[in-house]
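Data block below; observations after.
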There are 2 protein chains.
Amino acid sequence: MLLIKRKAKPFKGKWALPGGLVLDKESLDQAVERELREETGIDVNYLEQLYSFGSPNRDPRNRVISVAYFALVRKSNFELHASTDAEEAKWINIKELPKLSFDHNKIIDVAVNRLRGKIGYQPIGFELLDEKFPFSDLHKLYELIYNESIDRRNFKKKFLQLNILEELDEKVSKGKGRPGSLFRFNRTKYFKLKKSGVVFEV
Amino acid sequence: MLLIKRKAKPFKGKWALPGGLVLDKESLDQAVERELREETGIDVNYLEQLYSFGSPNRDPRNRVISVAYFALVRKSNFELHASTDAEEAKWINIKELPKLSFDHNKIIDVAVNRLRGKIGYQPIGFELLDEKFPFSDLHKLYELIYNESIDRRNFKKKFLQLNILEELDEKVSKGKGRPGSLFRFNRTKYFKLKKSGVVFEV
DNA sequence: GCAAAAGTGTTCCTTTTACACCCATGC
DNA sequence: GCATGGGTGTAAAAGGAACACTTTTGC
């Protein structure tokens, strides 16, 4: 999770999700991208509206209705384009989340469930991986999100049968063990297959 | 679809989804239930937040951000509790929708897709059927929503295996043909199974 | 040469699909 | 008695789960 440290009251100094107010002439999506850029300096790969939160007392100041979005970002993207210092925005392991400002823990819960539900039938996992990745990264990603172990061989078989990955001629070594081929998600193939009625399902 | 005829400008006299403004001290869900009651006189069985629409010019008057909900209602409920006259609120077959006010056609698109996506893994179809229903009603419902024919025998086999329906001792005749048993969705059974990790999937 | 990770196939079992005949009722 | 819809079972095919040994590298 990418969190920011709040600079103003309420919850000053506590961690929170980035966010802000929608301007008069922009769409919701535009507002999200703008706020994210302003507060964390990143451009996102994937953006999806999550849910709108509107309990009357979720903000101690005023009535605030938040349209929450969730984004997927390659960590490498962030490291390259970061325009803020580490004090203000920080990646935090989702298993070590502190108590956040407002109802933001609840929002994260909803987001994680959405991701878990969606990654099985939409190829959004690639938005979290580098463009070229060893197969084990994909495997570990699914295991992480589902929070359970998946048979390596069956997973690979199934995924390769979908025919949306290309295996490259490059190999990469992770320090120890046999180096593995790099793979790349072929968006074009995916959309062609989707159009012709084939469904992605892992 | 349950539509209302607009009484005020803009789009006066045209069909639209029921809706209105959120009051200061109510949650979004409460606002939906209130508006629905005020404009159509019904209480809903099932309510789910759908999506928030916020393009800057979706309403010609002001900037309006709409948090859309979708509800499922038994038609019989509506006929009983209707508190409005037929001029103001009306059921319209979804295959015969006129062009609606604002971006409401788009909202309905999103809702139909949500329903289609969800009915396969959550037992929300029952919210559209009477409490006791012949099996053929359930079958027809799924065929209608998926817009494709489903083998009657396989569908029944699969559904009964889920073990969340009870077959009653009553039979009902539809005028012609052999009368069929009535069934009832057993919510308690469903939640027990869900808790124990069994997944509903049709 | 040993530890670590990658590559690869087969068998069994479960699930899904396709499909046809009989039964109860209204007219 | 005929038209209509309801009730039921089986066989073949496909898909998913379980599982072990070999290869390449770093140290």
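A, B, ... follow the sequence lines: proteins, then strands. Residue 1 opens every chain.
Remark: C1' of D:dA18 and CZ of A:Phe155 are 17 Å apart, rounded to the nearest angstrom. For the pair A:Leu160 CG and C:dG9 C1', the computed distance is 14 Å after rounding to whole Å. Between B:Asp151 atom CG and D:dG7 atom C1' there is a gap of 13 Å when expressed in whole angstrom units. Atom CZ of B:Phe159 and atom P of D:dT8 are 17 Å apart (whole Å). The nearest whole Å value for the distance from the NZ atom in B:Lys171 to the P atom in D:dT4 is 22 Å. Rounded to an integer number of Å, the gap from A:Lys176 NZ to C:dA3 C1' is 9 Å. Between A:Lys158 atom NZ and D:dA18 atom C1' the separation is 14 Å, expressed in whole Å. Atom CG of A:Leu168 and atom C1' of C:dG7 are 17 Å apart (whole Å).
Under a cutoff of 6.0 Å and an axis angle of 45°, B:Lys156 and B:Phe135 form a cation-pi pair.
A donor-acceptor contact shorter than 3.5 Å links the side chain of B:Ser27 to the backbone of B:Gln30.
Within the structure, a side-chain polar atom (N or O) of A:Lys156 is placed less than 4.0 Å from OP1 or OP2 of C:dG7. Between A:Ser136 and the phosphate of C:dA5, there is no side-chain N or O to OP1/OP2 separation shorter than 4.0 Å. Listed pair B:Ser173 / D:dG5 fails the phosphate criterion, with no side-chain N or O lying under 4.0 Å from OP1 or OP2. Contact between the side-chain N/O atoms of B:Ser181 and the OP1/OP2 oxygens of D:dG6 is not found at any separation under 4.0 Å.
Two residues, A:Pro179 and A:Gln161, neighbour DNA chain D, and the one matched to the more 5' nucleotide by heavy-atom proximity is A:Gln161. Between A:Gly177 and A:Glu167, the residue anchored nearer the 5' end of DNA chain C, judged by the nucleotide with its closest heavy atom, is A:Gly177.
Using cut-offs of 30° and 60° for the angle between ring planes, the A:Tyr190 and A:Phe200 rings count as perpendicular. The aromatic rings of A:Phe159 and A:Phe126 stand perpendicular to each other, their planes meeting at an angle above 60°, with 30° marking the opposite boundary.
Checked for salt-bridge contact, A:Arg187 and A:Glu127 meet the test: a charged N lies under 4.0 Å from a carboxylate O.
Counting only heavy atoms from C-beta on, A:Arg152 has its side chain closest to C:dA6 among D:dG9, C:dG9, C:dA6. In the set D:dG7, D:dA17, C:dC19, the nucleotide with an atom closest to the side chain of B:Arg178 is D:dG7.
For A:Arg153 against C:dA6, a side-chain-to-base donor-acceptor contact under 3.5 Å is absent.
At the heavy-atom level, A:Lys157 lies under 4.0 Å from base atoms of the strands shown.
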